[in-house]
Amino acid sequence: MDASQVSQVTEMMYALRNPAGVPTYPIIFIGLGVLTFALHILFVQLMLGTSAITLYGAFNSNPYWRRLGAAMLEISKVSVSVAIVIGVAPLLFVQVIYDPHWYTSNVLSAKWVIAFIFILILAYWAMYFYYFQNGKNADKTVTPKSRWSMIVSLALMLVVGFIMHSLTTQILHPELWKEWYMQDGVLDYSGSQLHAYNPWRFAFFISMAIPVAGGMLVTYRRFKSVREDADHDYLNWAADLGKKWIKVGSVISAALYVGWMMNLPETAGDFATSFWGYAGGIAVIFYALWAMIRLKGEARFCSYMALPMALVIGLIVAISREMLRYGILNDFFHYDFMDYKVVMDWYSTGLFFLTFAIVGGSVLAYFLTIAWKTGQTVGVYTPSAAVDKMGTVAIWIMVLWMIQFFVIGFWIWAK
């Protein structure tokens with residue numbers, strides 16, 4: 001593209017920008033977007049990896065694989081719920097900062113955006129259908145029923161992942177928006193096409209499900225090993241499998257990352273050989289090296305670090321991903337979100353952080369405590385008075401939050 005064409009594209013992006021501005025400094029939205037994306041993609045990869053284990057276990061006659069598949073189904077169905085909830089946050093932050101790009105991409109592929117919701121619902125239902133068919137089996141080594149539903153669920157999850165991948169890829173090609181909208185001289189209002197994708201990028205993020213699931217298996221062994229009824233032979237087998245998955249999966253992901261960097265668009269410039277270009281790949285390889293050093297033998301005191309380490313790796317990759325997006329849109333097309341008009345709204349900004357820290361923190365602490373106690377208790381778990389009090393406090397905090405929300409809203413409306 002010559003300078004005049006780049007200038008036209010830049011003017012178009014600024015013309016599409018929301019004139020109302022943003023309620024706080026753009027860098028805050030970007031920081032939160034990167035953090036929440038790292039959390040979201042961790043649970044997406046955890047869901048994919050544990051779903052694959054569940055599916056493999058369902059078709060494998062080995063009793064250990066059957067037991068592991070049943071156990072990982074519990075992780076998978078929780079992970080998909082968490083991934084959906086957390087996924088709303090980075091999506092909203094992208095809509096705020098990259099609104100010309102995100103909304104244009106959505107309009108160009110509108111049918112796929114709408115289909116995304118329905119396909120995700122079907123995938124969710126298929127997973128729970130499999131769970132309801134088999135979840136109550138006391139013997140986890142029997143052949144599961146309705147195995148087809150788990151195949152459908154995993155396949156549809158990959159489809160919705162590809163849709164989101166394509167939408168985010170289309171953001172990076174503003175020079176092609178008009179061409180996509182004008183098909184052979186005729187305006188295309190259908191929104192029926194996915195116009196851009198990078199198979200290397202998509203394969204990389206999906207492949208990270210292998211080492212992340214490996215981290216889950218290592219953590220699973222550590223978590224269950226303290227129970228009185230623990231089957232240590234089975235748990236050690238699962239942990240050894242997890243260690244292999246971390247090492248082999250990280251190598252596979254690093255190779256795909258290199259493929260992604262080698263197939264970046266020309267608008268990315270020399271990003272592949274920049275600091276952040278190298279950082280993402282090195283971080284993924286580091287996960288394998290960490291596993292080789294820290295997960296030797298029993299690894300009783302470091303196994304719990306397997307998933308937090310996966311999150312750290314994912315955060316570095318998320319930063320690299322954001323730097324790539326910023327580099328393309330700012331360095332090549334001269335669109336800088338940092339010059340967005342700021343109309344400071346202290347209430348909404350403060351409310352967000354307080355909600356995140358206090359409301360989210362109290363509820364999450366209660367849920368994690370219940371999950372922890374239940375998993376390490378043989379038989380039926382009965383919460384202690386302290387745990388009951390945690391739940392009561394969490395409920396009252398949510399009630400007070402809702403009261404202030406409607407009171408402030410009514411007060412502003414009345415003014």
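Between the side chains of D99 and Y103, no donor-acceptor pair is found at a separation under 3.5 Å. Looking at R66 and N60, their side chains never bring a donor and an acceptor atom within 3.5 Å of each other. No hydrogens or angles considered: a donor-acceptor pair under 3.5 Å links the side chains of S81 and Y124. A donor and an acceptor atom, one from each side chain of Y14 and D336, are nowhere located under 3.5 Å apart.
Geometrically, R17 engages Y340 in a cation-pi contact defined by less than 6.0 Å to the ring centre and at most 45° from the axis. For the pair K77 and Y131, the distance from NZ or CZ to the six-membered ring centre is under 6.0 Å and the angle to the ring normal is within 45 degrees.
Ring geometry for W177 against H101 counts as perpendicular: the plane angle is over 60°, on a 0 to 90° scale with 30° as the lower cut. The aromatic rings of W237 and W65 sit perpendicular, their planes meeting at an angle over 60°, well past the 30° parallel limit.
S51 contributes no side-chain N or O that, together with a main-chain N or O of L48, makes up a donor-acceptor pair within less than 3.5 Å. Counting only distance, with no hydrogens or angles, the side chain of S166 and the backbone of I163 share no donor-acceptor pair below 3.5 Å.
Judged as a ring pair (Phe, Tyr, Trp, His ring centres under 6.0 Å), and not counting sequence neighbours, W396 has no contacts. In this structure S109 satisfies the side chain to side chain donor-acceptor pair (under 3.5 Å) test together with Q170, sequence neighbours excluded. When the ring pair (Phe, Tyr, Trp, His ring centres under 6.0 Å) test is applied to Y326, the partners found at least two apart in sequence or on another chain are F337.
Under the ring-ring contact (aromatic ring centres under 6.0 Å, His included) rule, Y197 has a single partner from F202, F162, W260, which is F162.
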